[in-house]
2 protein chains.
Amino acid sequence: MENRIQRIKETLQGAQYKLTPQREVTVRVLLENERDHLSAEDVFLKVKDKYPEIGLATVYRTLELLSELKVLDKINFGDGVSRYDLRKEGAEHFHHHLVCMECGAVEEIEEDLLGDVEKIVENDYNFKVLDHRLTFHGVCRDCQERSRKK
Amino acid sequence: MENRIQRIKETLQGAQYKLTPQREVTVRVLLENERDHLSAEDVFLKVKDKYPEIGLATVYRTLELLSELKVLDKINFGDGVSRYDLRKEGAEHFHHHLVCMECGAVEEIEEDLLGDVEKIVENDYNFKVLDHRLTFHGVCRDCQERSRKK
DNA sequence: CTCGCTGCAAATTATTTGCATAGAT
DNA sequence: ATCTATGCAAATAATTTGCAGCGAG
């Protein structure tokens, strides 16, 4: 945990930004909720517990900044809000998501499944791939079992 | 063109909805701009040329309705707006996109490249895949050539 | 002292909703 | 007549911005 914060601090400083207390608390909340895909509002509420004076705009500005620095990915599952997802250390690519259409749960896939597909895109379409976003919509294990029981 | 409208009319009627003049004009605009990924506002402005009395809310409602009926897919490229994309006739899945990070161009890939990947997700993650969204971010052919010339 | 960073409030943007009316069957 | 669909305006929701003050170097 501390070393990841340290790494993020260095990323900020490398781009002439400071790790202010507000930014640090925000980063801690993101690290502590790494598996959830928090919206700006979600982050704000959690940050507020630890640092009540913070303003929503600061959280937005921090999330925006961290996205630019590729510490976070800003994602959008189609409900009206942006969500923020920490990149894994050293992850070249964005990870994939499985969104359950029944219960709304979001699972992550770390494994990079797109190696072959990217080659096809690069060769057949002459498109230089720098990143990708892949989301599957369907029914998660739990909901499949639940409907089997009925 | 006319036959696609006819097909969409049947889809609407199959779900107890009518193809009103407003809806028809909206569908025509979508068909005429099939390659472009229009926002609701974009659609509204184009529809207004042909049917000036229409209200923005009607366009939103029509787009929403057509999305529910799977005639359209609502997509989000990360700028703040939703965009709408006609499904190809009989396409089981959403098509893929190549978004150029330099010029912003969006290219489509019809080919379904994810067959194998879906099998892995279904087997290894016990997730029943119903649809997917895949977007590659990178540099399109034109921008690659442009930077080569510099 | 300077300058980036913050909090607050106001502004902006996208989208949705309430409601009275028009239109089709 | 009934009931859906529409246009308009107002409401809501998410995000951004202007600005005065704070705080570290």
Side-chain angles (χ1 to χ4, degrees), chain A residues 8-9 11-30 37-69 71-85, chain B residues 8-29 37-69 71-85:
Chain A
I8 291 169
K9 180 173 180 180
T11 304
L12 283 166
Q13 291 176 339
Q16 253 73 66
Y17 295 107
K18 304 169 199 165
L19 183 63
T20 63
Q22 290 92 331
R23 286 175 183 166
E24 182 172 340
V25 173
T26 304
V27 168
R28 283 185 190 278
V29 163
L30 291 165
H37 299 78
L38 301 179
S39 67
E41 188 82 30
D42 294 337
V43 174
F44 173 62
L45 292 174
K46 286 179 189 294
V47 169
K48 228 170 182 229
D49 287 344
K50 308 186 179 197
Y51 196 109
E53 322 87 284
I54 203 166
L56 178 55
T58 301
V59 171
Y60 269 104
R61 283 186 279 232
T62 301
L63 294 172
E64 182 61 32
L65 177 59
L66 294 175
S67 298
E68 272 166 31
L69 296 175
V71 172
L72 294 180
D73 282 302
K74 190 173 180 178
I75 52 180
N76 205 298
F77 290 132
D79 51 349
V81 294
S82 294
R83 297 176 180 280
Y84 297 85
D85 213 356
Chain B
I8 291 169
K9 180 174 180 181
E10 285 158 14
T11 304
L12 282 165
Q13 291 176 338
Q16 253 74 66
Y17 295 108
K18 304 169 200 163
L19 183 64
T20 62
Q22 290 91 333
R23 286 175 184 166
E24 181 171 341
V25 174
T26 304
V27 168
R28 283 185 190 279
V29 164
H37 298 78
L38 300 178
S39 67
E41 188 82 29
D42 294 336
V43 174
F44 173 62
L45 292 174
K46 287 179 188 292
V47 169
K48 231 174 179 231
D49 287 343
K50 308 187 178 196
Y51 196 110
E53 323 86 287
I54 203 164
L56 177 56
T58 301
V59 172
Y60 269 104
R61 284 186 280 232
T62 300
L63 295 172
E64 181 61 32
L65 177 59
L66 294 174
S67 298
E68 273 166 30
L69 297 174
V71 172
L72 295 180
D73 283 301
K74 190 173 179 177
I75 53 180
N76 206 298
F77 290 132
D79 50 349
V81 295
S82 295
R83 297 176 179 279
Y84 298 85
D85 211 356

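Fair warning: this is a prediction, and the values are worked out from it, not measured in the lab. Just so it is clear: chains get the letters A, B, ... in the order the sequence lines come, proteins before strands, and each one is counted from 1.
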Legend entry - Interatomic distance where CG belongs to A:L19 and C1' belongs to D:dA24 [whole Å]: 14 Å

Inset, instruction - Give the rounded distance in Å between these two atoms: CD of A:Q13 and C1' of C:dG4. - result: 14 Å

Inset, instruction - Measure the CG-OG distance between A:N76 and A:S39 for me, rounded to the nearest 0.5 Å. - result: 11.5 Å

Inset, instruction - Could you encode protein contacts along nucleotides 8-16 of chain C as a string, one character per nucleotide from 5' to 3', using B for base contact, S for sugar-phosphate-only contact and - for no contact, with a heavy-atom cut-off of under 4.0 Å? - result: B-----SBB

Inset, instruction - State whether the number of non-hydrogen atoms from other residues, nucleotides or ligands found under 6.0 Å of B:Y51 atom OH is greater than 12. - result: yes

Inset, instruction - Give the rounded distance in Å between these two atoms: CG of A:D42 and P of D:dA14. - result: 10 Å

Inset, instruction - Verify the contact: side-chain N or O of A:T20 to OP1 or OP2 of D:dG23, cut-off strictly under 4.0 Å; return yes or no. - result: no

Inset, instruction - Round to a whole Å and report the spacing from CG of B:L63 to C1' of D:dA5. - result: 15 Å

Legend entry - For atom CD of B:Q16 and atom C1' of D:dT2, their distance in whole Å: 16 Å

Legend entry - Euclidean distance, atom CG of residue B:L66 to atom P of D:dA5 [Å, nearest integer]: 12 Å

Inset, instruction - May I ask you to decide whether B:K9 forms a salt bridge with B:E24, counting only side-chain N to carboxylate O separations under 4.0 Å? - result: no

Inset, instruction - Nearest 0.5 Å please: distance from the CG atom of B:L66 over to the CG atom of B:D73. - result: 11.5 Å

Inset, instruction - Under 4.0 Å between any heavy atoms, over every strand shown, what does A:F44 touch: base, sugar-phosphate, or nothing? Just pick one. - result: nothing

Legend entry - Value rounded to 0.5 Å, distance of OG1 in A:T26 from CZ in A:F44: 10.0 Å

Legend entry - Separation of C:dT17 C1' from B:L65 CG (nearest whole Å): 17 Å

Inset, instruction - Measure the NZ-CZ distance between A:K46 and A:R28 for me, rounded to the nearest 0.5 Å. - result: 16.0 Å

Legend entry - pair A:E41-A:L56: side-chain heavy atoms closer than 4.5 Å: yes

Legend entry - Phosphate OP1/OP2 of D:dG7: any B:T58 side-chain N/O under 4.0 Å: yes

Inset, instruction - Provide, to the nearest angstrom, the distance between the OH atom belonging to B:Y17 and the C1' atom belonging to D:dT4. - result: 10 Å

Legend entry - From NZ (B:K48) to CD (B:E53), nearest 0.5 Å: 9.5 Å

Inset, instruction - Indicate whether OP1 or OP2 belonging to C:dG7 is found under 4.0 Å from a side-chain N or O atom of A:Q22. - result: yes

Taking only N/O atoms, report every protein-nucleotides 20-25 of chain C pair under 3.5 Å with atom names and distance.
none

Legend entry - From OG1 (B:T11) to CG (B:L65), nearest 0.5 Å: 10.5 Å

